[in-house]
Amino acid sequence: MVQDLIKEQLSLSLQKLYGATLSAEDISIEQTSDDFEGDFTFVVFPFLKISRKNPEQTANDIGSELLVQTELFASFNVIKGFLNLIVKEQIWLDFISKEVHNSSFGFIEPNINEAVLVEYSSPNTNKPLHLGHIRNNLLGFSVAQILKANGHKVFTCNLVNDRGIHICKSMLAWMRFGNGETPDSAQLKGDHLVGKYYVIFDKHYKKEIEDLIASGHTEEEAKKNAPIILAAQELLLKWEQNDPETIAVWEMMNNWVYAGFEKTYQKLGVQFDKYYYESNTYLLGKEIVQEGLETNVFYKKENQSVWIDLSEDGLDQKLVLRGDGTSVYITQDLGTAELKYNDFNCNRSIYVVGNEQDYHFKVLQKIAQKLDKPYADGIFHLSYGMVELPEGKMKSREGTVVDADDLIATMEETAAETTKALGKMEGESDSELQNLYHTIGMGALKYFLLKVDPKKKMMFNPAESIDFQGNTGPFIQYTHARIKSILRNAGEINALSFDSSKVQLSKIEKNLLVKLYQYPLVIKEAGKDLSPGIICNYVFDLAKAYSSFYHDHQVLNESNLDQRALRILTCKLTAQVIQSGFGLLGISVPEKM
RNA sequence: GGUCUCUUAGCUCAGCUGGAUAGAGCAACGGUUUUCUAAACCGUAGGUCGAAGGUUCGAGUCCUUCAGGGACUACCA
């Protein structure tokens, strides 16, 4: 990369002028801001102590030295302590000639030794997926792609929370009020049907609480002693005792849900290398608890419950096993962590889980470290913020959720309406159009969710539908479609080349080439931060740079054939990078729209 | 109460390890199409970066305090 060459040269210059012994890695340069002329900027303020001259003089000295020393630069200018370097145009021209034929431009060579496991999605099986789950799924999928692009061997898994009191609630409601209803008989996706009974349960539960309070009980008592919640708890107990009838209902309803989830996953375009089910793994952690007791990492209280004291680490005392010997959440996670390590042997394990569980994962990692687990340091909680609605947080029980399937359908409808209104796709077949609507609708939704920094909570206002203009997925998809249209009309382009001495770069053209040039760095940065948002911002900038270029420059009608070839190749690489970048986000790009 | 986290334009968000005059999109206003897709392009307007101190040649970015939001702090998962 040019940046590296420049740093080396700067290191040499500083050595020569001031006797400074700085390696290239110690030197940082930045992109020159748009308001100034130049490609790269070197800030000299930190070096005034060794130059013992004023900022301008120092920058000029270094600039002059660089010009004699290397062929890289065309010129430089100095403003205050900022040395702006302009590299020779040939650099950019060589770059496009070379990379336009590289189909994996920007990707790092795979390295088998750097295996990473990404766990994401991890739904409960008592209700359908909502907008928050979509964010989780898209993040997990995208992060996995980004890590692959960074050369890691990546596995993905989904830990399904298929057991517990919440499922029993849906089961109980269905057993009491369902009259044998099935997804087929109700004409409802399985996950929605099960979710329906979760809501029914809650309705009855609330009613019973009200009645109890009316008859003189406190709210707390009422919540604990409502007959229906007691019945649900009894059902859980039966489940744990392997009662055949209970297990049968549980399996049936879970299978309904899985069939429903599968459809949603398909629409979202996510998939997993392996599914884990808590019903299979929830007992595993107990062995680890035993192990920790033997090494005195854990201790037992009088009532036989097992704890760990993390107060020295700034955390609290934490229960790891109940007095009756049943496991809690952390027990299961310890077991699952061990299992995942045995299955995949990854030195890094990323958990894509909401930030409400920050504390839980701190505890999990701490415990693993105290137990000297080889995977302890590799545990990483990719914590993302909640999606909030204008009226606050989403709550399934209260019905204030944006349902995943509904939202996807709405996005596709909007895409269809917009496409029809523009009337550019007349004459295409129905199946192609359906595909296109899906591509555009999902493009809008995915981009909308991924462009926000994962760590931050985000706002979604259902009343204002997701935009298709400006900084959006469809705008970038549209940019791609326009390029493809040019390329279709350009004829044979694979053998195309140009003579650099016969072309000239306008400011806009150069800007576009420089943007393309940055793609590999962007992939690295996104990989380091595990942030799809970085890719979004970059691809948007690229699309904008291209749109400017497209508006101001003719491609196919350019009479200078070398210039024409250069522009066609620039178009080609731009389309390639848009497609590649969007691929990292799980968004596809249409040929026409 | 304690721990963590967030606060940038009317709205939704960018702002890389501290660097030049804080940027986009939407919304508002104005302009651009006989020429490769106007889901586009160009422009105008919009800001004490929550507040106050501090560190630094330089702070939206680092530190402290405060204010306001959110999460967590269960023998729930």
Side-chain angles (χ1 to χ4, degrees), chain A residues 28 30-36 41 43 45-46 48-49 55 79-82 84 124 126 161 163-167 278 282 301 303-307 314-316 319-324 326-330 332-333 354-360 362 383 385-386 388 392-393 415 418-419 421-422 424-425 440 444 448 451-453 455-461 464 467-479 481-490 521-522 525 528-529 533-534 536-537 540-541 543-544 546-558 567 571 592-593:
Chain A
S28 71
E30 47 208 276
Q31 201 84 33
T32 302
S33 97
D34 286 340
D35 306 328
F36 301 91
T41 296
V43 183
F45 289 111
L48 298 182
K49 277 177 197 144
I79 296 166
K80 291 191 273 182
F82 299 89
N84 298 321
N124 289 356
N126 63 324
N161 180 14
R163 60 166 290 278
I165 190 75
H166 45 287
I167 288 95
E278 278 196 13
Y282 82 108
K301 286 194 178 171
N303 65 1
Q304 298 300 301
S305 59
V306 182
W307 296 72
L315 304 168
D316 302 315
L319 175 91
V320 294
L321 195 68
R322 289 196 194 102
D324 63 6
T326 59
S327 60
V328 291
Y329 187 30
I330 198 93
Q332 297 166 31
D333 265 6
N355 63 11
E356 55 202 355
Q357 297 196 29
D358 287 354
Y359 182 71
H360 171 79
K362 266 189 206 164
S383 163
M386 299 289 104
E388 284 181 8
K393 207 184 157 181
T418 310
T419 305
L422 289 170
K424 295 179 191 173
M425 298 302 290
I440 296 173
F448 178 84
K451 77 175 170 184
V452 179
D453 182 341
K455 290 190 284 293
K456 293 190 179 172
K457 67 179 178 197
M458 64 182 297
M459 175 65 75
F460 175 74
N461 188 347
E464 300 165 11
D467 266 311
F468 282 41
Q469 282 162 9
N471 188 357
T472 67
F475 163 59
I476 294 161
Q477 290 173 321
Y478 173 70
T479 308
R482 281 167 125 190
I483 299 174
K484 284 301 175 132
S485 175
I486 290 183
L487 295 180
R488 276 194 298 275
N489 294 326
L521 288 178
V522 172
E525 203 188 326
K528 197 180 68 156
D529 291 358
I534 291 172
C536 289
N537 288 327
F540 175 60
D541 280 347
K544 264 204 319 186
Y546 182 83
S547 289
S548 268
F549 162 80
Y550 181 90
H551 185 264
D552 281 13
H553 298 73
Q554 288 291 315
V555 178
L556 298 177
N557 299 332
E558 169 61 44
R567 288 188 182 158
C571 288
K592 298 180 194 171
M593 68 183 272

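Using a 30° and 60° split on the angle between ring planes, A/F549 and A/Y546 fall in the tilted class, from 30° to 60°. Using cut-offs of 30° and 60° on the angle between ring planes, the pair A/Y329 and A/H360 is parallel.
Put simply, the side chain of A/N126 and the base of B/A77 share no donor and acceptor less than 3.5 Å apart. Looking at A/T479, its side chain has no donor and acceptor atom pair within 3.5 Å of the base of B/A40.
Residue side chain A/F45 meets the stacking definition with respect to B/G19: its ring centre sits within less than 5.5 angstrom of the base's six-membered ring centre, and the planes differ by less than 30 degrees. Here A/F36 lies parallel enough and close enough to stack on the base of B/A20, with planes under 30° and ring centres under 5.5 Å apart. Aromatic stacking is not marked for A/F540 over B/A24, as the cut-offs of 5.5 Å for the centres and 30° for the planes do not both hold.
When side chains are defined from C-beta on, A/V43 counts as touching A/F82, because their heavy atoms get closer than 4.5 Å.
Heavy-atom nearest nucleotides on RNA chain B were determined for A/M459 and for A/S548, and the one closer to the 5' end corresponds to A/M459. Where A/E464 and A/E356 each meet RNA chain B at their nearest nucleotide, the meeting point lying more 5' is that of A/E464.
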For RNA chain B, the expected dot-bracket line (Watson-Crick or G-U under 3.5 Å, [ ] crossing, | inter-strand) is (((((((..((((.....[...)))).(((((.......))))).....(((((..]....))))))))))))....
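Judged purely by distance below 3.5 Å, without hydrogens or angles, the side chains of A/D467 and A/T472 never pair a donor atom with an acceptor atom.
Within 4.0 Å (heavy atoms only), A/D541 reaches no atom of the nucleic acid at all. As judged by a 4.0 angstrom heavy-atom cut-off over every strand, A/T472 is placed among residues making no nucleic acid contact.
With both ends at atom C1', the span from B/A59 to B/U21 equals 16 Å, rounded to whole Å.
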